[in-house]
Protein chains: 2
Amino acid sequence: MAYPELKLDNQICFRLYTASRLITQAYTPMLQELGITYPQYLVLMVLWEKSPQPVNDIAKKLVLETNTVTPLIQRMEKAGILTRKKGDSDKRQQIVGLTKKGIEMEEMAHSIIPGGMSESLSACPLQVNDYVRLAGELDSIIETLLRGHHGRPAH
Amino acid sequence: MAYPELKLDNQICFRLYTASRLITQAYTPMLQELGITYPQYLVLMVLWEKSPQPVNDIAKKLVLETNTVTPLIQRMEKAGILTRKKGDSDKRQQIVGLTKKGIEMEEMAHSIIPGGMSESLSACPLQVNDYVRLAGELDSIIETLLRGHHGRPAH
DNA sequence: GCCATTTATGTCGCTTGCGATATAAATTTT
DNA sequence: AAAATTTATATCGCAAGCGACATAAATGGC
């Protein structure tokens, strides 16, 4: 180990990457009952709060690029979960709205997911206050990286 | 909001997912100087600690499936960073070893990455002790999810 | 009004990540 | 030792995720 700074175990980044993947995997069997993936579930959470919404608003709330969200939404449209239509005032926009099926999935999600996730993490020694602090710290990291992001090399 | 339990902001999961992506994005310009991606960098960190190693050991250390690691390693082989050869004692194994180029990349990584990452996060209000606790909490989550994982539905 | 710029969305190509499945080699059972 | 099982690796197909780029519509400047 010439360079201990690079050691895998010392990296927050690797743990974030791994924890993120494992949590997504923990969601997967529950989401399969709904017939969706985790990123699709995120889109649904945004739309359950407000529907309809343009693609751009959804992408911003999820901190994703539209070229990620567009195909995702197209797959969900094909699955009958939501609909897309051109905006009235702004014809560039695609307005995304839940279908009856998409609306009804909220109740199913509620009956499956919170219980399932708390079961998955029940053996975890962290307490509620730990999770609260953790969420705040992750927000700090996210905000810092988003701020440092603003438009590439200033040209 | 019929079901506030599902609210996006309340979810640790979404923050992990977002923080992980943004940190990977912060690594990207530095890794591009080395001509690699973030998962490829993880493979290199494992090999810098010990080379050669079979595919399986690398996958286990990264908590990834071999069907993710195999193609990743094949791309790195094509890039001249590492080599693969059949195991002597166990002919099922593929033993992965760094090339001269792969070995030399450690020094380059050291000169670029720790400094770059600390700059990316310099505006973040978290202190060293916060990062240490954060790492431990992420480990708790990871361990919990790994334990609950052990081999699918017991059949 | 007209042109330059910005914005909203989309396509393309590439790398991950993973479930399902295949294959060969090693190990265990009987 | 022959058969059954396990293990190590790999291939395939699909969904993300994102950089690069394309297009159309809206906006701003003159």
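Residue numbers start from 1 in every chain, and the chains themselves are labelled A, B, ... in the order their sequence lines are given, proteins ahead of strands.
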Give the nucleotide from the list D:dC18, D:dA16, D:dT9 with an atom nearest to the side chain of A:T37. D:dA16
Using atom CG of B:D90 as one end and atom P of C:dT27 as the other, report the distance to the nearest whole Å. 7 Å
Member of B:L47, B:L72, B:L42, B:L64 meeting the side-chain contact (heavy atoms from CB on, under 4.5 Å) criterion with B:I58: B:L47
Which part of the nucleic acid, if any, lies within contact of A:S20, taking any heavy atom under 4.0 Å across all strands shown: a base, the sugar-phosphate backbone alone, or nothing? nothing
Atom NZ of B:K91 to atom P of D:dA10: distance rounded to whole Å? 17 Å
If you assign A:K86 and A:V63 each to the DNA chain D nucleotide with the nearest heavy atom, which residue ends up on the more 5' nucleotide? A:V63
Residue whose closest nucleotide on DNA chain C lies nearer the 5' end, A:D57 versus A:Q25: A:D57
With sugar-phosphate meaning primed atoms plus P, OP1 and OP2, does A:T68 contact a base, only sugar-phosphate, or nothing at under 4.0 Å between heavy atoms? base
When you measure from every atom of DNA chain C, which of residues 26-36 of chain B have a heavy atom less than 4.0 Å away? none
Looking at C:dT7, I'd like to know if its phosphate oxygens (OP1 or OP2) sit under 4.0 Å from a side-chain N or O belonging to A:Q93. no
Whole-Å distance between D:dA8 P and B:I58 CD1? 14 Å
Of the options C:dC18, C:dT15, C:dA8, whose atoms approach the side-chain atoms of B:R75 most closely? C:dT15
Among all residues two or more places apart in sequence or in another chain, which pass the side chain to side chain donor-acceptor pair (under 3.5 Å) test with B:R21? none
Taking atom CD as the centre, does A:E119 end up with more than 12 heavy-atom neighbours from other residues, nucleotides or ligands that are less than 6.0 angstrom away? no
Would you call the rings of B:Y27 and B:Y38 parallel, tilted or perpendicular if under 30° counts as parallel and over 60° as perpendicular? tilted
Is the CG atom of A:N129 crowded by more than 12 outside heavy atoms at less than 6.0 Å? yes
How many whole angstroms separate atom CD of B:E65 from atom P of C:dA20? 11 Å
Considering only nitrogen or oxygen atoms on both sides, find all protein atoms under 3.5 Å from nucleotides 10-13 of chain C and state each distance.
residue: C:dG10; atom: OP1; partner: A:R84; partner atom: NH1; Å: 2.5
residue: C:dG10; atom: OP2; partner: A:T70; partner atom: OG1; Å: 2.7
residue: C:dT11; atom: OP2; partner: A:Q74; partner atom: NE2; Å: 3.3

Criterion side chain to side chain contact (heavy atoms under 4.5 Å, CB included) on B:M45 and B:K61, from CA distance to verdict: CA-CA 10 Å; B:M45 279 199 287; B:K61 283 167 189 167; over 6 Å; no
Measure the distance from CG on B:L64 to P on C:dG19 and round it to the nearest whole Å. 11 Å
B:R21 CZ to C:dT16 C1', in whole Å, measures 14 Å
Over how many whole Å does the gap from A:L72 atom CG to D:dC14 atom C1' extend? 13 Å
Is A:T37 close to A:T24 at the side-chain level, that is, under 4.5 Å between some pair of heavy atoms? no
Is the shortest heavy-atom distance from the side chain of B:T144 to the side chain of A:P125 under 4.5 Å? yes
Look at B:E137 together with A:R133 and state whether they make a salt bridge at an N to O cut-off of under 4.0 Å. yes
Nearest whole Å is fine: how far is D:dT9 P from B:L62 CG? 14 Å
When you measure from the side-chain N and O atoms of A:Y38 to the phosphate of D:dA15, is any distance below 4.0 Å, counting only OP1 and OP2? no
Side chains of A:L31 and A:I113: closer than 4.5 Å at any heavy-atom pair? yes
Do the side chain of B:R92 and the base of D:dT9 come within less than 3.5 angstrom through a donor-acceptor pair of N or O atoms? no
